[in-house]
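See structure below.
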Amino acid sequence: MTREASSAVGSGGPAVLDAAPARLSVDGATKTYGGAVALDDATLRVGAGEIVALVGHNGAGKSTLSKIISGYERPDTGVISIDGDVVHLRSPKQALGEGIALVPQQLAVIGSMTVQQNLRLGLGAAPHDLEAVAERVGLRSALHTRLDRLGPAAQRLVMIGRSLLRRPKLLILDEPTAAFSVAETERLFAIIRDLTAEQISIIYISHRLEEIIAIADRVVGMSQGRIITQLSTTDLTTDQLADIIAGGADAHAPEAQGEVTFVPADATPVSDRKVLEVTGLRTAAKAGAATFTIRSGEVVGLTGLVGAGRSTLLNALWGAGAPVLEGSVAVEETPFTPSSPRRAMARGLVLIPEGRQRTSLIPGMTVRENAALPTSRRRRLGPTPFLDRRRERQEVASLLADLDTKPDRAVDMPIHALSGGNAQKVVLARWLMMPSDVVLLDEPCEGVDVRARNEIHAVLRRLADQGKGVLVSSSDVEELVEATDRILVMRDGEIVAELAGPSMTVERVNRACL
Amino acid sequence: MLTEHPADPTKRGTMSTTTNSADDVARSAAADAHTHDVPEPRSVVLRRRFGPWGVPVIMLLMVAVFQSQNSTFLTVDNVWTILESAALPAMVACALTVVLVMGEFDLSVQAVAGFATTTFAALMANWNYTTITAVVIMLAVGLAIGALTGWLVAYQGLNALVVTIGSASLLNGGEFLVSDSKSISTGIDPAFVDFVRSDLVGVPVLVLIAPLVAAVLWAVLDRTALGRELRAIGANREAALFAGVNVRRTILIGFVITAFVCTMAGMFYTGRAGQAYPMTGLQVLLPSFSACFIGAAMFRVGEFNIPGTVVGAVLASMVPNGLLLADVSGYSTYFFQGGILILAVGFARIVAGGRRSR
Ligand SMILES: Nc1ncnc2c1ncn2[C@@H]1O[C@H](COP(=O)(O)OP(=O)(O)OP(=O)(O)O)[C@@H](O)[C@H]1O
Ligand SMILES: [Mg+2]
């Protein structure tokens, strides 16, 4: 790692000009979308082999900045130079030619192809270093495996490998670890450290603060389209980072003062009423069978390594995944056979599924239409079949405001104009509008900033206090320890451990996962 | 980001619940794996801003050309003629829009309408049913045809293209069967014929009915929960399923609506022509697809929509009329109709920007 490079660029100013030119420099980049400023006069330097983390609230402009750097988007004003040469990036292809590769947040792989075929996508001849790259991302032995047999972590690594085959000088990773568990994150970090040793620079976008402290040399804080701070990560704490993000969003808003508090686990009145009871549930996709109970008034966590079968379980309960082979389910102490989301909904179940692009967002619809989709029939103008659009708008807008969604007038915007985290809040709003007894959530905080994450945890607690049973699946153990009453650990379709009270620590849960 | 809105009007959704939407990815993979998660480049934004004006501009140009060839083109009489001839194709095109919106296809629209034309005539002429009874029977038949197609596609998972090509052939055969392969000209209720051919306050009655049907379909698609669910299925079938939409039933309903409206159009055609002979009904297969795709390049750009389809249908019937007046030989209509369909698809794609319509 090149400490001197990072400190040189870190200090900014004309001194940089005397030293070797920065690998990347962005000067005064501005981007507006129809009057709304997404990026405002951003100036950034990244040294060779430096790891720079971009942090900021949802909609701060992180993705916009990385799209501009990688040629996906052209800035309204601003100059980009690479190794001191000014470049005019017109397309991602050209940016790749200049050595800049973006690994976008969304998985873009073909499940029916092998790892090798996926790696080669878009490249003409078979690259001679394909094996070396596969080795580097830890997929050498899986080269001829179909990608859909491997988990999302492997798929993400394939995307990174695909970028590495283009021999980038600068690699941008947009929320690569959103659904990684500890083990996968460690592997990714090892790869990143390897790359920086070869003077490849990294821009790393994440909402997971511990990760940023662990991997980045320098943190660039963004807020409302502006770069507000640039700090070295030495002696930076997660609290300070959280302050940058929260303070940047709106330092004076009451939510920003961190007044979102958690009721300690034991204090929550958990009744004996079992709202969801799953006994020996085995699906076609996993070997093990799951048994657990959720009671009214509690927030239960569900974790496990990627591929443990958490989503399989939740989707099966929802009636939208692998078919149930055996076992029984009871909702509100009466038997329930999962068959379709509609039936599950009618029985008071709600699932906020993982992977919002694929399983939740309807492209081409506005935020309002997206949020109101499942509850449409409940909001009609009297006896007519017509939708009460005014009421829809009010209800969606107020929920989005509760979840702190940006921009404020998001209700009538097309869904694609929202940043990743804000789109996730739309998905949450959709299901909070649905009356329910049991709320199942699969990675609900994916891509959501710290402040909104706290807000979501508070919402979960409120739901439980209304007498609902809440089950949150997350690969972020810390989050679960903080926000839930007890944690179920899953391995290959089976609940292998349950931790509650004093034994519920990050370390113990992590150990139980393995 | 583009991936946040790959609203691809013609894309068949996928019900698969595997870890990635392979068919979505596969389409872009051929181009360049790295451009998959593409935030929109400026050219797309420009297209989106100016694209919607493309169809109106082309329409004006065509009007100008036709007018320059024959000055009777823009007379009041001829305008009514164009609109009157556009009315029934517009109805069929609007019906087709419903199926296209939910990401399916229906190649049987013309056959359904044609079957209705002949069978309706046969019911009155050969079997001596009263007009009212014949209408009721035909509407029920229309519902049944739609329900059967919808059931095969939605519940049996058969490919809609193949199913509707098959059902179209069956219905064509049915036309010969019900009419005994004979032309039916006497026995069609003259009151009905007069009504269809009449004017109301100087406007041909069909020119009043077609917009009414279009308005109802627009309201269904745009203002009801059912319409929202149809659109959701077309844009992201898996998400619609996860959101609790009864995907199968909704698809079935979509096919029923389409067949029902096509049946209506077919019956009106019986009145308009005053006679029926198998396979000589409305010739709307190409024009209705053209209308839908022209429509997808207007108003709600990149998505099939009823107002766009209506304009598209008018444009599609303007062409034969203009060519006729310009004294271009009859068969050239084929060239123009085929050309317009391909141009419309191409244009819809350009306007919506690459990935969004295919
Ligand atoms: N196509 C678009 N049209 C209109 N506004 C847009 C568009 N794309 C992005 N924006 C707006 O630009 C702002 C910045 O978005 P960006 O995606 O860069 O945020 P982000 O920092 O990546 O947030 P997140 O952490 O949620 O991913 C947001 O307010 C967003 O709504
Ligand atoms: Mg983002």
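Computed from a prediction, not measured in an experiment: that's the story for all the values here. Residue numbers start from 1 in every chain, and the chains themselves are labelled A, B, ... in the order their sequence lines are given, proteins ahead of strands.
- Contacts between residues 376-384 of chain A and chain B, counted as heavy-atom pairs separated by less than 4.5 Å, involve A:Ser376, A:Arg377.
- Pairing each heavy atom of A:Arg430 with each of B:Ala243, the nearest pair is NH1-CB, 3.8 Å.
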| message | Applying side-chain contact (heavy atoms from CB on, under 4.5 Å) to B:Arg228 and A:Leu387, what does each step give before you reach the verdict? | response | CA-CA 10 Å; B:Arg228 179 173 287 167; A:Leu387 300 164; 3.6 Å; yes
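- Heavy atoms of A:Glu392 lying under 4.5 Å from chain B belong exclusively to its side chain.
- No more than 12 heavy-atom neighbours from other residues, nucleotides or ligands sit within 6.0 angstrom of CZ on A:Arg167.
- Neither the backbone nor the side chain of A:Ala346 comes within contact range of chain B, judged by heavy atoms closer than 4.5 Å.
- The structure places CG of B:Asp222 at 7.5 Å from CD of A:Glu369, a figure rounded to the nearest 0.5 Å.
- Heavy-atom distances place no part of A:Ser340 under 4.5 Å from chain B, backbone and side chain included.
- Taking every heavy atom of both residues into account, B:Ala240 and A:Ile362 meet most closely at N-CD1, 4.2 Å.
- Considering only heavy atoms from C-beta on, B:Glu238 comes within 4.5 Å of A:Thr359 through its side chain.
- Residue B:Phe242 holds its CZ atom at 13.0 Å from CG of A:Leu361, rounded to the nearest 0.5 Å.
- Checking side-chain atoms of B:Asn246 against main-chain N and O of A:Arg342 turns up no donor-acceptor pair under 3.5 Å.
- Looking only at heavy-atom pairs under 4.5 Å with chain A, the residue among B:Ala239, B:Ala219, B:Gly227 that has the most is B:Ala239.
- Of all heavy-atom pairs between B:Leu241 and A:Ala320, the closest is CD2-CB, 4.3 Å.
- Open room surrounds CZ on A:Arg343; 12 or fewer heavy atoms of other groups in view lie less than 6.0 Å from it.
- Closest approach of B:Gly244 to A:Pro341, counting heavy atoms only: CA-CB, 3.8 Å.
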